[in-house]
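Some notes on the structure that comes next.
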Amino acid sequence: MISIIQPVDNLALLSQLESASLSRFSSGELYDIYRKCSLAVLNTGAKTDNSHILLDRYRTFEINVIQNERGVKLELINPPESAFVDGVIIRNIQVNLYTVLRDIVQSSAIEKMQSEIDSLKQIPVSKLITNSIFTRLRLARTLIPGQNPNVAVCWGGHAINQTEYDYAYEVGVRLGLRKIDVCTGCGPGAMEAPMKGAFFGHALQGYSSSRFIGLTEPSIIAAEPPNPYVKELVIMPDIEKRLEAFVRFGNAIILFPGGPGSAEEFLYILSVKLLKENRHEPLPLILTGPRESRSYFASLDTFAKTVLGDSVSRYYEIIIDDPEKVARSVKDGLDMVREHRTMTSDSYCFNWTLKIPEYLQEPFEATHANISTLNLHRFGNLSEMASNLRRAFSAIVSGNVKEAGMEEIKKHGPFVIEGDSDIMAAMDKLLKEFIDQKRILLSQNEYVPCYTLRNSQEKRPETAN
C-alpha cells in the first residue's frame, strides 16, 4: 500500500530552498529516528509500550519526503491500516505526522543549514532572490496555502482623469461580483478605483473573505500614500522585487491607462512573457480603458510592436469600454491558471515555475552613469531588450517622483537616454502623449521633462576640460 499525504498548517507553505532542505535531511543518518517517530504516530491508540514489536510488525514501512512547490508531501509505503478510514488518513494523525517532520527533521535542517551557509554560494542568485520574495510575502501573511488562484493585479497610473477612474471602478465592481480579490500598487487613481469597485461588488455578494492587497516599495510609498481600500500592505525592498512579487503572487493582470510607471510595468511583464521558458505559463494580461482612452492603448500597442516586433501583441488582449468582458476574461483566465497549476503541481498562491532571470531581478539605480550603459539597440534577445526599456522608463519615474532620482537630476541635469533612432522615436512619441494628456506629475501645471532622448548616431557634445 502506498499513500500520499498532503501538507498541513505551516508546512503547507514552504519556499523551494526550505522544501529541498527538508527532503535532504529526512534521509541519511536522520532517517531512522524519523521513521520510528512517524510509525509511532501512525499507530496512535495502539495498546503497546514496546517499540520493537511495532518495528517488527511494520518492518516494510517506509516514509519519504517529496519536494513540491505547494509544500512537502509525505509518501507512506505499507503504513498501518488503522491510520486510515476508507482509504483517507485520520486528520489528527495527518497533523501529527507533520509535527514529527517539523520537530525532528526541520529543526535538524535549521541547525545544519547554519553550518552550510557557504553552500548558498552554489545556489543561483535568481533562485535566492525569488525565495526571499516568497519569504517576505509569507511573513506578511499574504500567501494563503490551498486557496484557489483568485487575485487580479491591477496596474495603472495615479494621474488618470475622472472618466478613466469611473471605468476602472466599474471593472472593479464586475470583479467583485465574481468574488475576485484585487492587488494593486496601493496608490491613488487606477490603483484605488478597482479596489473601490471590488469592495462594492464583494458587499453585494456578501463575500466575507475579500482581500485588497497593496504591493509597494519605499521610494514610491513615500510619494504615493496608500489608498483607503488597502487592507494588506506589503513593502518590497525595491521596484524589481515588487514587480516580481506582482507576477508570482497575482493570477491575472489588468493594465489601466497610466504614465511612465505603467509603461514600466507593461514592459516588465512583456520581458517575462517573451522568455521561451514561459511560453506555456498562463498569466492573462488585459489592457483596458473607456472609449476615450482608445488612442492611449493604440499608442502603447504601436510602441510595443515597434520596439519588440508585431508578434508581441499575442501576449496581451486590448478590451475597450467593456468592463463586463474584462471581468469575464479574468475569470476565465483564473480557471485556466488553476488548471495549469494543478497539472504542474505548482503552488496556487505563488508561481514558482515562472522563469525570471537575474537581469530582471537586479536592482537598477537611476543614475546618469547607469543609464548611459543601457543597451537600447536592436539585438537578438527581445526579453532583454524589453528589460532595458523597462529600466529607461524606471529612470524617468525615478526622476519624476523618487527622492534619489530627483536629487540626481538636480545635481547633473536631465537623464540622457540613448539608443537606436526608431526606438528613441517610439519612446519620444509615447512620452509626448503622456505629457499632452497630463499623465505625468499631478503636482506640476506644466511638466518639465527629467530626461533627454538621443539617437546613437547623434554626435555627443565635447566636454570641456
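All values below come from the heavy atoms of this structure, side chains included, with hydrogens, waters and symmetry mates left out.
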Quiz item: F303 vs F393 aromatic rings, parallel, tilted or perpendicular, using cut-offs 30° and 60°?
Solution: perpendicular
Quiz item: Do the side chains of D322 and T288 get nearer than 4.5 Å, heavy atoms only?
Solution: no
Quiz prompt | Full working for side-chain contact (heavy atoms from CB on, under 4.5 Å) between E418 and M424 | solution = CA-CA 7 Å; E418 182 178 306; M424 293 298 98; 5.6 Å; no
Quiz item: Under the side-chain contact (heavy atoms from CB on, under 4.5 Å) test, which residues partner A193, sequence neighbours left out?
Solution: Y165, A168, Y169
Quiz prompt | side-chain hydrogen bond (donor to acceptor under 3.5 Å, both in side chains) contacts in which one or both residues fall within residues 384-394, not counting sequence neighbours | solution = E240-R390, E264-R390, E264-S394, N381-E384
Exercise. Using a cut-off of 6.0 Å, state whether more than 12 heavy atoms not belonging to K273 lie near its atom NZ.
Key: yes
Quiz item: Taking K402 as the fixed residue, which of E407, E408, E217 is the one that meets the side chain to side chain donor-acceptor pair (under 3.5 Å) rule?
Solution: E217
Quiz item: Taking the side chain as C-beta and beyond, is there a heavy-atom pair between S293 and I320 under 4.5 Å?
Solution: no
Quiz item: Closest approach of K179 and Q205, non-hydrogen atoms and distance?
Solution: CE-CB, 4.1 Å
Practice problem: Taking all non-hydrogen atoms of both residues into account, name the closest pair between V337 and P284 and its distance. | Solution: CG2-CD, 4.1 Å
Exercise. Tell me, please, which residues at least two apart from A245 pass side-chain contact (heavy atoms from CB on, under 4.5 Å).
Key: I133, L137, L215, M236
Quiz prompt | Listed once per pair and sorted, the salt bridge (Lys or Arg N to Asp or Glu O under 4.0 Å) pairs that draw on residues 243-256, sequence neighbours left out | solution = E244-R248
Self-check item: Candidates V326, V330, D181 - the one meeting side chain to side chain contact (heavy atoms under 4.5 Å, CB included) with L175
Solution: V330
Self-check item: Residue pair Y296 / F434, side-chain heavy-atom distance below 4.5 Å
Solution: yes
Practice problem: Run the salt-bridge test on K241 and D238 with the 4.0 Å N-O cut-off and return the result as yes or no. | Solution: yes
Self-check item: Residues T367 and N370: side-chain donor-acceptor under 3.5 angstrom
Solution: yes
Practice problem: Quick one: list whatever passes ring-ring contact (aromatic ring centres under 6.0 Å, His included) with Y229, sequence neighbours left out. | Solution: F199
Quiz prompt | Residue E75 excluded, over 12 heavy atoms near CD under 6.0 Å | solution = yes
Quiz item: Is there side-chain contact between I213 and T142, with at least one heavy-atom pair below 4.5 Å?
Solution: yes
Self-check item: ring-ring contact (aromatic ring centres under 6.0 Å, His included) partners of residues 234-279, not counting sequence neighbours, each pair once
Solution: W155-F246, F266-Y316
Practice problem: Show the numbers, then the answer: is there a side-chain contact (heavy atoms from CB on, under 4.5 Å) between S345 and W352? | Solution: CA-CA 10 Å; S345 296; W352 286 106; over 6 Å; no
Quiz item: Between E164 and P290, is there a donor-acceptor pair closer than 3.5 Å when you use the side chain of the first and the backbone of the second?
Solution: no
Exercise. Say whether, by atom type as modelled, one donor and one acceptor occur between the side chain of E433 and the main chain of L430 under 3.5 angstrom.
Key: no
Quiz item: What is the distance from atom NZ of K331 to atom CD1 of I180, rounded to the nearest 0.5 Å?
Solution: 6.5 Å
Quiz item: Would you find a donor on one side and an acceptor on the other, under 3.5 Å apart, between the side chain of S398 and the backbone of A395?
Solution: no
Self-check item: Straight-line distance of H158 NE2 to M191 CE, nearest 0.5 Å
Solution: 7.0 Å
Quiz item: With no hydrogens and no angle check, is any side-chain donor or acceptor of S210 less than 3.5 Å from a backbone partner on H202?
Solution: no
Quiz item: If we only count heavy atoms from C-beta on, is the I66 to I4 side-chain gap below 4.5 Å?
Solution: yes
Quiz item: Is there side-chain contact between S295 and Q437, with at least one heavy-atom pair below 4.5 Å?
Solution: yes
Practice problem: Kindly give the heavy-atom pair with the smallest separation between A198 and V182, and that separation in Å. | Solution: CB-CG2, 3.6 Å
Exercise. Could you grab the distance from atom OH of Y348 to atom CZ of R341, nearest 0.5 Å is fine?
Key: 9.5 Å
Self-check item: D420 side chain vs H377 backbone, donor-acceptor pair below 3.5 Å
Solution: no
Quiz item: Are the side chain of S456 and the backbone N or O of G419 linked by a donor-acceptor pair below 3.5 Å?
Solution: yes
Quiz item: Looking at side-chain heavy atoms only, is the closest gap between L74 and L97 below 4.5 Å?
Solution: yes
Self-check item: Approximate separation, where rounding is to 0.5 Å, of N227 CG and E192 CD
Solution: 5.0 Å
Quiz prompt | Results of ring-ring contact (aromatic ring centres under 6.0 Å, His included) for F297 - residues two or more places apart only | solution = none
Quiz item: If you look at every heavy atom in C186 and V230, which pair is closest and at what distance?
Solution: CB-CG2, 3.7 Å
Practice problem: Name all pairs fulfilling the salt bridge (Lys or Arg N to Asp or Glu O under 4.0 Å) condition that reach into residues 288-311, sequence neighbours left out, sorted by first residue then second. | Solution: R291-D321, D301-K305
Exercise. Check salt bridge (Lys or Arg N to Asp or Glu O under 4.0 Å) between K432 and all other residues, then give those that pass, not counting sequence neighbours.
Key: D428
Practice problem: Considering only NZ, NE, NH1 and NH2 on the basic side and carboxylate oxygens on the acidic side, decide whether R242 and E265 come within less than 4.0 Å. | Solution: no
Exercise. Can you sort out the partners of H368 under ring-ring contact (aromatic ring centres under 6.0 Å, His included), two or more places apart, ordered by chain and number?
Key: H412, F415
Exercise. Return the set of residues passing side-chain contact (heavy atoms from CB on, under 4.5 Å) with L275 (not counting sequence neighbours), or none when no residue passes.
Key: E277, N278, K355, P357, Y359, S383
Self-check item: Shortest non-hydrogen separation from G156 to L255 and the atoms involved
Solution: N-CD1, 4.3 Å
Quiz item: Under a 4.5 Å cut-off applied to non-hydrogen side-chain atoms, are L300 and I318 in contact?
Solution: no
Exercise. Answer yes or no: does atom CD of E365 have more than 12 heavy-atom neighbours from other residues, nucleotides or ligands under 6.0 Å?
Key: no
Quiz prompt | Set of side-chain contact (heavy atoms from CB on, under 4.5 Å) partners for P323, sequence neighbours left out | solution = Y167, E170, V171, R174
Self-check item: Y315/S313 under side-chain contact (heavy atoms from CB on, under 4.5 Å): CA gap, chis, key distance, verdict
Solution: CA-CA 5 Å; Y315 296 113; S313 61; over 6 Å; no
Quiz item: What's the shortest heavy-atom distance between I160 and A190, and which atoms?
Solution: CD1-N, 3.4 Å
Quiz item: How many angstroms lie between CG in L389 and CD1 in I423, if you round to the nearest 0.5 Å?
Solution: 6.0 Å
Quiz item: Any side-chain donor-acceptor pair under 3.5 Å between T130 and Q361?
Solution: yes
Practice problem: For I269 and L283, run side-chain contact (heavy atoms from CB on, under 4.5 Å): C-alpha distance rounded to whole Å, both residues' side-chain angles, the deciding distance at 0.1 Å, then the answer. | Solution: CA-CA 9 Å; I269 187 59; L283 184 58; 3.6 Å; yes
Quiz prompt | Point-to-point distance, once rounded to the nearest 0.5 Å, from CD of E358 to CG of L128 | solution = 9.5 Å
